[in-house]
Number of protein chains: 2
Amino acid sequence: MSDPVTMRQIAERAQVSIGTVSHVINGTARVRTKLRMRVQEAIRSLGFQPSALAQGLRLNRTKMLGMIIPDITNPFFPGVVRGAEDVAFRNSYRLVLCNTDNEPAKEALYVAELRSFRAAGLLIIPAAGSDLRAELSSGTPATQPVVCVDRCPEGWTGDAVVVDNEEGAYQAAKHLIRSGHRHLAVITGPALLANAIERLNGFKRALREARLSIASEFVQEAAFDTRSGYQAAKRLLRMLPRPTAIFACNDLMALGVLHALHELDLRCPEDVSLVGFDNLEVCEYTNPALTSVYQSGYQMGAAAAGLLLERIKGLQDAPRHIALETELKLRKSVMSIANFDKIPSKKPRRRSKANREAVLAD
Amino acid sequence: MSDPVTMRQIAERAQVSIGTVSHVINGTARVRTKLRMRVQEAIRSLGFQPSALAQGLRLNRTKMLGMIIPDITNPFFPGVVRGAEDVAFRNSYRLVLCNTDNEPAKEALYVAELRSFRAAGLLIIPAAGSDLRAELSSGTPATQPVVCVDRCPEGWTGDAVVVDNEEGAYQAAKHLIRSGHRHLAVITGPALLANAIERLNGFKRALREARLSIASEFVQEAAFDTRSGYQAAKRLLRMLPRPTAIFACNDLMALGVLHALHELDLRCPEDVSLVGFDNLEVCEYTNPALTSVYQSGYQMGAAAAGLLLERIKGLQDAPRHIALETELKLRKSVMSIANFDKIPSKKPRRRSKANREAVLAD
DNA sequence: CTCAAACTTTGAAAGGTTTAAAAAAGGTTA
DNA sequence: TAACCTTTTTTAAACCTTTCAAAGTTTGAG
């Protein structure tokens, strides 16, 4: 009742050696029916569960996958984690969750620890500015495969599962341009993050193709969170001429933009159109519902875990770089220029001039 | 470079026995300065990291905490997990994350596995209808403490960290009543979940105190998710007389209500007021911004992990039942009856009669 | 009926740590 | 300097599996 059952006890009960028990359990050798039955019966009646620790020690690897992410509290990541957990679970692997808060030091700590724990493999969404290669170089990568998820650190040549950020952003910008916008602004993520850069590149490509130029102050860097998105929006909306459309490189920042717009008494999409990236659930419920570039965190996590497990099972290919597709989800936050004359006049709830300036002065 | 450094190698390098190395590392015995220095130097130069597996096997416990939750994808849970991870991390414990999807079978599996893994303790948000006591009874609870989080299974007498659901719901209902509402409806969570029951009780207490009765069909059960909240709302909004206010026992269901309202061309809060529970981030961005009962998932997770760690360190108190406070966050989704005459008339965007009926028929 | 071949089963080591007990070293006193 | 007490260091077992090599058993052919 109190202490867990070990193979030794099974062996005693079944009157066989421990080795035989192991062979029955793992099918590592033929065992005559009679003994096999006895062992199975003993296992059933005593309720044996092998010690994962002893197994790990002996085999020099566990059934644990390390999942290192910036912050589970960021609504994009739970989907990724869940996708990974689901495929891990189906293969009887488990997930150790680690939040780095984007601090390379914490990331390095976790990597070292998971290695010492003989995690079977690592799924990593690298911290901004992390030097993953250095962190990994002190061990045997052959026995502990690593797959980068969502973004790669600079110079990463290993496996990775990401999303086609460039194309997604391109589609977003193109949609705005097609809708007649000519003064586009963009709020990018941290310049250290590969996905932020790719999205910016896609955005710029669409402008280039449309022969539009972009003033450098219309490219504002923020931190992929609501607060910094809000601040960046405040900066942008103060400019003259004001951009008529903003592409926020993720939805959290788009939320910040919405907040800023509201505070400045500007209407979306009548005064400023907005497109986000990620297509979080919240997009359906914002006011107005947010047009956004869909990417499936779940699929990304699942694909990454799938690839990682293949590597664990010994797959020896060249490193793979899997880029999932995105899809622009149209909602209500973009106004077509063709409709400009239909914009209803503003409601009188407009703030007093003094008040507005106060807000702008922020 | 390739294989991890073991104590044996440290011992060789420092010209001492393995036991001495262990004593230096753990401070389990006095070691003369000279040897101690040699050992420390060896550790430094070879870069030793103890094998958590070997330690776990020897000590019969690891530095892992099992965290079992229904689904990390539900936006309330990431905060809980993060709170737990933060305090675990500060105490050099790590978290193994397990999603049960509210399936007791999956929960039981995880519990058994984490036990076999010698997790130091378990943090569990029980699945609906789980019999945790049974799952736990087959092992030695003394060595593996368990803390229930967010809700307790029926008859649970162990440690728990929850929120004062009853009071939170009471405040929500009271707010609606004070605002002049008399036809209140409630969308509850699964009747198997303690927190759902408590919230319903709080709601009913407020009604009782105000000498209001509630028709049984104004109490609709849903599953704490958006979809079922939407369906419950559809049922409610079809009734005559229609409730003038709805209390949704969590925000996800409130989102569903918002969706239903929109589809039926009813306005919130002019036609129907709405209060949610959880105060998710999304409440700020919905249309209208959602009044909701705040509870801190982060604090709950942190408190639970704190208590669990105390138990792991040997605290022997009577079981604790910690209930955190809630706070009603007022936003725009509740209309005061005093303002009823100020409601602007509906805009002409109202659907045609035929269309409306089609929607109602759903 | 014997012997070899094929198949089963067992024994023991290994994996890396902790720790109780034994051994060794160092120090003190007579 | 011997005897004795402390303090320091080492030894070896234990934790629970897996697995290789060795020992044991069965089978079938001659």
Side-chain angles (χ1 to χ4, degrees), chain A residues 2-40 42-43 46-64 113 115-120 139-140 143, chain B residues 2-40 42-43 46-64 113 115-120 139-140 143:
Chain A
S2 69
D3 260 0
V5 179
T6 69
M7 284 180 43
R8 148 182 241 79
Q9 295 168 57
I10 301 293
E12 268 168 26
R13 168 73 92 98
Q15 305 273 47
V16 297
S17 75
I18 293 185
T20 303
V21 176
S22 175
H23 287 134
V24 170
I25 292 173
N26 302 309
T28 38
R30 303 189 68 101
V31 174
R32 237 184 279 281
T33 315
K34 200 170 61 172
L35 291 201
R36 183 158 18 95
M37 301 283 258
R38 285 222 304 267
V39 171
Q40 282 163 342
I43 290 178
L46 297 182
F48 172 71
Q49 178 139 31
S51 155
L53 288 171
Q55 281 183 140
L57 181 59
R58 179 68 236 251
L59 299 177
N60 207 31
R61 90 191 104 85
T62 62
K63 292 281 218 169
M64 292 274 168
E113 235 182 56
R115 167 154 307 158
S116 111
F117 208 86
R118 294 293 179 282
T140 146
T143 68
Chain B
S2 69
D3 259 0
V5 178
T6 69
M7 285 180 43
R8 147 182 240 81
Q9 295 168 57
I10 301 294
E12 267 167 27
R13 168 72 93 97
Q15 305 271 47
V16 297
S17 75
I18 292 185
T20 303
V21 176
S22 175
H23 286 134
V24 169
I25 291 173
N26 302 309
T28 38
R30 303 188 68 101
V31 175
R32 239 185 280 277
T33 316
K34 198 169 62 170
L35 290 202
R36 186 161 13 99
M37 301 285 257
R38 288 220 303 268
V39 170
Q40 282 164 341
I43 289 178
L46 296 183
F48 172 70
Q49 178 140 30
S51 156
L53 287 171
Q55 280 182 143
L57 181 59
R58 178 64 234 248
L59 299 177
N60 208 29
R61 89 192 105 85
T62 62
K63 293 279 218 171
M64 292 275 169
E113 237 182 53
R115 166 153 308 158
S116 111
F117 209 88
R118 294 294 178 282
T140 146
T143 68

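It should be emphasised that the depicted structure is a prediction, and the values quoted were computed from it without experimental measurement. First the proteins, then the strands, lettered A, B, ... as listed; each starts at 1.
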Under 4.0 Å protein heavy-atom contact, by nucleotide of nucleotides 4-12 of chain D - B base, S sugar-phosphate only: ----SSBB-
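With sequence neighbours excluded, no residue satisfies side-chain hydrogen bond (donor to acceptor under 3.5 Å, both in side chains) with B:Arg61. Taking A:Ala54 as the reference, A:Ser51, B:Leu57 meet the side chain to side chain contact (heavy atoms under 4.5 Å, CB included) condition, with sequence neighbours excluded. With sequence neighbours left out, B:Phe117 forms a ring pair (Phe, Tyr, Trp, His ring centres under 6.0 Å) with A:Phe117.
Residues B:Leu59 and A:Gln55 each lie close to DNA chain D; by heavy-atom proximity, the contact nearer the 5' end of the strand is made by B:Leu59.
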List, one per line, each side-chain donor-acceptor pair under 3.5 Å for residues 17-31 of chain B, sequence neighbours excluded.
{"residue": "B:Ser17", "atom": "OG", "partner": "B:Gly19", "partner atom": "N", "Å": "3.4"}
{"residue": "B:Ser17", "atom": "OG", "partner": "B:Thr20", "partner atom": "N", "Å": "3.3"}
{"residue": "B:Ser17", "atom": "OG", "partner": "B:Thr20", "partner atom": "OG1", "Å": "3.2"}
{"residue": "B:Ser22", "atom": "OG", "partner": "B:Asn26", "partner atom": "ND2", "Å": "3.3"}
{"residue": "B:His23", "atom": "ND1", "partner": "B:Gly19", "partner atom": "O", "Å": "3.2"}
{"residue": "B:Asn26", "atom": "ND2", "partner": "B:Ser22", "partner atom": "O", "Å": "3.1"}

Quick one: side chains of residues 6-13 of chain A, donor-acceptor pairs under 3.5 Å with protein atoms, not counting sequence neighbours, listed by atom name and distance.
{"residue": "A:Thr6", "atom": "OG1", "partner": "A:Arg8", "partner atom": "N", "Å": "3.3"}
{"residue": "A:Arg13", "atom": "NH1", "partner": "A:Ser45", "partner atom": "OG", "Å": "3.3"}

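Rounded to whole Å, atom C1' of C:dT8 lies 13 Å from atom CZ of A:Arg38. For the pair A:Arg36 CZ and C:dT8 P, the interatomic distance rounds to 10 Å; values are reported in whole Å. Per the geometry, CG belonging to A:Leu53 stands 12 Å off C1' belonging to C:dT17, to the nearest Å. If you measure from atom CE of A:Met7 to atom P of C:dA12, you get 16 Å, rounded to the nearest angstrom. Atom-to-atom, CG of A:Leu57 to C1' of C:dA14 comes out at 9 Å; the value is rounded to the nearest Å. Rounded to whole angstrom, the span from the CD1 atom of B:Ile43 across to the P atom of C:dT17 amounts to 10 Å. As a whole-Å value, the separation of A:Arg8 CZ from C:dA12 C1' is 13 Å. Atom C1' of nucleotide C:dT17 and atom CZ of A:Phe117 are separated by 14 Å, given to the nearest angstrom.
Note: B:Met64 CE to A:Met64 CE = 6.0 Å, rounded to the nearest 0.5 Å.
Closest to the B:Ser22 side chain, of the nucleotides D:dT19, C:dG16, C:dT19, is C:dT19.
Minimum interatomic distance between A:Ala14 and A:Arg38 (heavy atoms only, all atoms of both residues): O-NE, 2.8 Å.
Contact annotation for A:Ser51: backbone-only contact, meaning every heavy-atom pair under 4.0 Å involves sugar-phosphate atoms and none involves a base. Residue contacts shown for A:Asn60 are absent, as no nucleic acid heavy atom lies under 4.0 Å away. Within the nucleic acid shown, A:Thr6 comes within 4.0 Å of sugar-phosphate atoms alone, with no base atom in reach, counting heavy atoms only.
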